[in-house]
Visitor: 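Structure below; questions to follow.
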Amino acid sequence: MRAAGPPRTAGRLALLGAVAALTLLPATPSLATPLTGTAAKEPVDLDALFVGAHPDDEAFTLSTLGQWKEEHGVRAGVVTVTRGEGGGNAVGPEEGPALGLLRESEERTAVANASVGEVFNLDDVDFYYTVSAPLTDQVWGGDTLAKVVRLVRQTRPEIMLTMDPAPTPGNHGNHQEAARLAVEAFYAAADPKAFPEQIRDEGLRPFAPARLLTGGARGTSAVGQDCAATFRPAYPAQNVFGVWSGRASAERGRTWAAVERDAQRVYASQGWAGFPDVPADPAQLGCDFFTQVDARVPFPAPGTAAAASPTAVLDGALTRPAGTAPLGTRFGLRTSAFDVRPGAPFKVEVSVTAPPREPLGRSAAALRVPAGWKVTGSGGLGRLGAGRSGSATFTVTPPAQAEPGRARVAATLITERGGGYTDRQVELSPSVRGEQQPLPQVAQYREWTGEVGVPQLDGLVTPVLTLPSGGSRQVGVVVTNVSGATKSGAVRLDLPAGFTADRAEAPYSGLAAGESATVPFTVTNSDPALKTSNEGGDYAYTITTTSEDGTATSRPALELVPAATVPRAASAPAVDGVEGDGEYAGAALNISRLWEGTACSSAADCSGTAKIGWHDDTLYLVVHVKDDVLGTRLAASDCKRHWRTDAVEVTLDPRGTSENTSTTFKTAVLPVTAEGPPCFLRDADNRQGPGEETAPGMRVASQVSAGAYTVEMSIPMEVLPGAVDPDHLGMNVLVYDSDTQDRTGQTRIGWSTWGGVQGDPYRWGVASLPGYEPPADRPTTPPDPEIPDTALSSLDSPQSLEQAVRVHLPLAGGPAAKPSRGAEVVAARSTTGGGTAGGVKVTLRAAAGGKAHLFARDGRGTAGSRVVTVTRKGTTTVTVPLDRALSPGATVVAGWEPSGGGTAASQVSVR
């Protein structure tokens with residue numbers, strides 16, 4: 001564990017034991033010809049590249065990737081930033097790097113179902129579930145983008161696919177950050193000024209992928225083969241393409257949805273082995289949807305038959321529909337501004353470049369704009385020879401009374417060799433607009449979209465703020481002047497029933513061009529009977545902002561979280577798993593609301609209540625759960641990853657202001673273990689680990705009976721990361737229910753319930769502790785969190801090494817070892833040892849000192865391994881001991897880690 005600090009590279013943990021003593025010999029000619037190596041070879045050339053955070057993130061795109069490979073020969077690869085070492089394990093005791101090795105193997109087997117052969121692990125740390133992209137960026141470190149850019153420049157994919165980069169409620173922060181890395185890499189890989197050392201020192205060239213898309217889409221669609229054509233986007237200006245999963249694989253004789261489901265079941269460690277069959281009727285199967293972020297090539301126009309084609313994502317980049325421009329044609333559109341004003345003109349530039357070896361001939365572009373918008377300018381591009389470029393500039397003026405909102409500005413291309421389409425989004429609004437103050441994560445995301453230049457990705461998440469049931473909070477309206485002149489006006493709130501504000505309208509004045517100001521309102525939930533949490537959902541309201549030149553409206557929402565008063569106990573409750581008379585004076589909290597998983601079939605299946613009190617400097621909780629079937633009884637030594645079985649989780653945010661759980665306290669109690677008594681732990685918070693170590697002084701007890709269990713605990717408030725604010729303690733009580741014995745959970749219920757709420761302290765409930773005062777010397781600032789910092793190194797993954805040899809690329813998105821510091825295994829010979837397995841005598845030739853990671857491999861996997869240190873240039877021989885006899889066709893694969901940085905991999909057959 002380490003304290004979180006500035007971005008830094010994840011630490012490595014070698015799994016292979018102590019360094020061996022070596023015999024160093026003078027350099028000699030090779031004793032055998034290596035099978036392959038990473039040096040002086042052309043790297044693999046990919047057509048498509050998916051960028052995700054963990055093994056299994058690509059699992060819901062495999063239907064599409066399989067179709068593309070079988071029908072169009074598309075060679076795809078997957079970038080996986082981490083190996084998922086922070087996740088659970090439903091199949092064994094492995095955790096940390098050992099779990100990473102298991103999950104990598106699952107991923108390689110799973111994607112092979114879709115004929116995806118390459119998985120590039122970046123060796124970054126998978127710590128714990130969080131919804132925070134900023135925390136993820138902090139932990140992963142500053143070199144991760146460089147690794148993704150290097151892989152894009154090396155593998156040269158025309159299509160890049162990734163996840164949702166937005167802080168959508170419940171969206172894993174690791175997923176958000178992986179997607180942001182993919183978006184940044186799409187632009188940076190093409191920019192010679194980005195990571196110039198890769199070009200100067202490594203011989204790479206800038207490369208511009210043709211199209212970038214995120215998996216999934218916001219909108220609705222019918223199932224069946226018309227799923228793409230019937231998709232209706234929630235944001236009409238977006239370009240969304242679908243690939244039907246009900247198509248049958250000619251090679252496999254089954255629908256691609258069924259093939260994908262088989263692949264998903266390979267992720268047994270994540271509890272996916274029991275996934276149900278997909279519908280046998282193809283008419284009941286839907287599409288994989290992809291939302292386009294950007295394109296450098298022509299693509300199918302929305303609403304056309306081509307846009308609903310199975311090749312719509314490939315068109316213009318890898319496939320060429322009839323009548324379209326040749327592959328290799330670059331076609332783009334830029335607007336002088338994303339934010340445009342009614343009645344104010346803006347510039348649009350359309351550019352086209354002919355393929356390097358094919359002319360387009362006489363070419364022209366025409367602009368398409370919303371009805372009523374005015375276009376001036378000529379679209380002539382001239383005669384374009386091979387590799388030649390042309391551009392045209394237009395002036396576009398929206399009507400003075402145009403409706404605000406997102407709009408498409410599109411261009412069509414006409415050449416002697418075929419046509420094309422492209423577009424951009426613009427945001428039409430008055431010069432002053434008001435928006436509800438964003439959550440910290442949303443504010444950071446908006447800043448990122450501006451820095452990267454992808455404003456089309458902003459505004460896709462409904463702005464929300466939470467307030468406690470029956471309580472009040474300040475709601476700031478951020479007023480922004482996007483014009484070139486100083487503005488004044490007013491802001492009005494129109495709240496839904498059950499909410500009031502201290503004032504309906506407030507003025508702003510003297511707002512300078514390009515500046516923002518916050519207009520505060522105090523909003524109160526005046527009807528405490530309104531439903532809270534996901535039962536109440538979003539309570540939408542309207543913000544109207546007026547200025548001299550128009551009116552802007554926005555539709556944010558308020559979300560109610562439950563509130564509770566925690567009374568002082570007359571005496572400390574006995575922590576014995578029994579609620580004694582008068583021990584807990586407060587009202588019982590309902591913790592039976594579903595937030596994830598399968599709904600409880602009845603109250604007997606899963607439901608519960610909780611009571612809370614405080615005495616002196618300690619919180620006391622008693623939780624009653626009805627549960628007719630207990631899940632797996634984990635061993636006390638396996639008291640971790642509590643979501644795998646029945647557990648009660650209590651989360652506490654001392655000041656109620658945490659952006660992520662690294663500054664909170666989260667504890668979970670397993671009511672029963674294999675040995676009998678309960679156990680407790682801390683997870684995904686300021687300090688994780690066994691409860692006795694991470695929460696000294698905390699006590700737990702339980703009572704388990706037929707169809708029910710009770711958990712009781714005391715939590716010294718001194719173990720929380722900071723002094724408690726008695727008026728605003730963030731708190732939640734969550735129940736994890738498992739009715740199986742396979743270490744998987746099915747249902748999650750609790751008090752303040754939202755998807756992903758365990759990682760989102762902003763949506764926890766609020767508790768007040770009347771009369772409590774924390775010790776005066778207790779700091780309010782939380783200590784630096786401890787974050788797991790160990791990840792499996794690709795040098796310790798034989799499958800990663802074998803891939804590096806096969807595709808001629810260095811490991812983990814890093815640079816290759818310089819020839820002056822390289823090494824390779826040149827011979828391997830089976831020997832007879834003292835046991836029946838024996839060993840393999842390996843000869844390694846090194847140009848300098850370093851460390852070799854050696855694996856003896858056959859069709860059954862790894863039969864033996866060893867890590868050896870080479871101290872100087874020369875030929876080294878070492879015996880790798882075997883755990884079992886090798887099968888015919890065995891090899892030795894080696895990873896090389898020189899002292900000067902970089903990696904190399906090599907492989908030879910065992911004689």
Side-chain angles (χ1 to χ4, degrees), residues 88 90 271 573-581 583-584 586-613 619-652 666-683 690-692 695 698-715 731-753 758:
V575 181
D576 54 9
V578 177
E579 182 182 351
D581 291 341
E583 283 188 318
Y584 295 89
L589 308 182
N590 174 20
I591 58 171
S592 301
R593 291 184 287 216
L594 179 73
W595 55 281
E596 281 181 356
T598 305
C600 303
S601 60
S602 65
D605 177 27
C606 50
S607 61
T609 59
K611 290 185 177 181
I612 308 173
L619 281 173
Y620 294 85
L621 297 91
V622 62
V623 182
H624 302 288
V625 179
K626 292 182 179 180
D627 185 358
D628 56 0
V629 178
L630 287 178
T632 308
R633 294 183 179 228
L634 299 176
S637 60
D638 195 23
C639 190
K640 59 181 77 76
R641 313 293 196 265
H642 55 280
W643 56 87
R644 296 175 294 161
T645 188
D646 297 307
V648 171
E649 182 176 39
V650 175
T651 70
L652 300 169
K666 294 178 63 189
T667 187
V669 179
L670 276 59
V672 65
T673 59
E675 294 83 356
C679 68
F680 70 107
L681 63 133
R682 287 179 65 177
D683 178 78
E692 294 82 1
M698 180 175 167
R699 293 180 294 148
V700 303
S702 69
Q703 293 288 333
V704 179
S705 59
Y709 64 84
T710 297
V711 165
E712 192 170 20
M713 67 191 80
S714 64
I715 303 173
M731 182 180 74
N732 215 346
V733 181
L734 305 169
V735 176
Y736 296 78
D737 180 56
S738 172
D739 291 339
T740 65
Q741 299 302 307
D742 59 0
R743 287 188 286 191
T744 64
Q746 288 77 51
T747 304
R748 298 175 179 182
I749 57 176
W751 184 45
S752 187
T753 49
Q758 79 274 40

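Excluded from the calculations below are hydrogen atoms, water molecules and symmetry mates; all remaining heavy atoms, backbone and side chain alike, are included. Computed from a predicted structure; not experimentally measured.
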Visitor: Can you name the closest pair of heavy atoms from Arg682 and Ala695 and give their distance?
Guide: CD-CB, 4.1 Å
Visitor: I'd like to check the side chain to side chain donor-acceptor pair (under 3.5 Å) partners of Thr651; sequence neighbours left out, ordered by chain and number.
Guide: none
Visitor: Would you say the side chain of Met731 lies within less than 4.5 Å of the side chain of Leu619, judging by non-hydrogen atoms?
Guide: no
Visitor: So how far is it from Lys611 NZ to Leu621 CG, rounded to the nearest 0.5 Å?
Guide: 12.5 Å
Visitor: Grab the two heavy atoms, one from Glu583 and one from Val578, that are nearest each other, plus how far apart they are.
Guide: OE1-O, 3.4 Å
Visitor: Just to verify, what does Ser714 make a side chain to side chain contact (heavy atoms under 4.5 Å, CB included) with, not counting sequence neighbours?
Guide: Val575, Thr618, Tyr620, Arg699
Visitor: For the side chain of Thr747 and the backbone of Thr598, is there at least one donor-acceptor N/O pair under 3.5 Å apart?
Guide: yes
Visitor: Which heavy-atom pair separates Thr667 from Leu681 by the least distance, and what is that distance?
Guide: OG1-O, 2.9 Å
Visitor: Looking at Thr673 and Pro678, what are the two nearest heavy atoms and their distance?
Guide: CG2-C, 4.3 Å
Visitor: Under the salt bridge (Lys or Arg N to Asp or Glu O under 4.0 Å) rule, what pairs show up with a residue in residues 737-748, not counting sequence neighbours?
Guide: Glu596-Arg748, Asp638-Arg743
Visitor: Given the rule in the side-chain hydrogen bond (donor to acceptor under 3.5 Å, both in side chains) test, do Glu579 and Tyr584 qualify, once you have shown the distances and angles that lead to the verdict?
Guide: CA-CA 8 Å; Glu579 182 182 351; Tyr584 295 89; over 6 Å; no
Visitor: Got Phe680 and Met713 here, is their nearest side-chain heavy-atom distance under 4.5 Å?
Guide: no
Visitor: Is it true that a side-chain atom of Arg593 and a backbone atom of Trp751 form a donor plus acceptor pair closer than 3.5 Å?
Guide: yes
Visitor: Output all residues satisfying salt bridge (Lys or Arg N to Asp or Glu O under 4.0 Å) with Arg641, sequence neighbours left out; order by chain, then residue number.
Guide: none
Visitor: What residue among Ile612, Thr609, Asn732 forms side chain to side chain contact (heavy atoms under 4.5 Å, CB included) with Leu589?
Guide: Ile612
Visitor: Do Glu649 and Trp643 have side chains that approach each other closer than 4.5 Å (heavy atoms only, starting at C-beta)?
Guide: no
Visitor: How many angstroms lie between OG1 in Thr645 and CG in Leu670, if you round to the nearest 0.5 Å?
Guide: 6.0 Å
Visitor: Only pairs under 3.5 Å count here: list side-chain donor-acceptor contacts from residues 599-606, not counting sequence neighbours, and write none if there are none.
Guide:
residue, atom, partner, partner atom, Å
Ser601, OG, Asp605, OD2, 3.3
Ser602, OG, Ala604, N, 3.3
Ser602, OG, Asp605, N, 3.2
Asp605, OD2, Ser601, N, 3.0

Visitor: What I'd like to find out is whether the side chain of Lys666 reaches to under 4.5 Å of the side chain of His642, using heavy atoms alone.
Guide: no
Visitor: Got a donor-acceptor contact below 3.5 angstrom from the Ser738 side chain to the Asp646 backbone?
Guide: no
Visitor: Provide the closest heavy-atom pair for Gly271 versus Ala90 in the form atom of the first, atom of the second, distance.
Guide: N-CB, 4.0 Å
Visitor: Answer yes or no: does atom NZ of Lys640 have more than 12 heavy-atom neighbours from other residues, nucleotides or ligands under 6.0 Å?
Guide: yes
Visitor: I need the Glu692 CD to Cys679 SG distance, nearest 0.5 Å.
Guide: 8.0 Å
Visitor: A side-chain contact here means heavy atoms from C-beta on lying under 4.5 Å apart; do Gln741 and Thr632 qualify?
Guide: yes
Visitor: If I compare all heavy atoms of Ala610 with all of Val733, which pair ends up nearest, and what's the gap?
Guide: CB-CG1, 4.3 Å
Visitor: How far does CD1 of Ile591 sit from CG of Leu734, to the nearest 0.5 angstrom?
Guide: 8.5 Å
Visitor: Taking distance alone, no hydrogens or angles, what donor-acceptor pairs closer than 3.5 Å link side-chain atoms of residues 702-711 to residues at least two apart or in another chain?
Guide:
residue, atom, partner, partner atom, Å
Ser702, OG, Pro671, O, 2.7
Gln703, NE2, Asp576, O, 3.4
Thr710, OG1, His624, ND1, 3.0

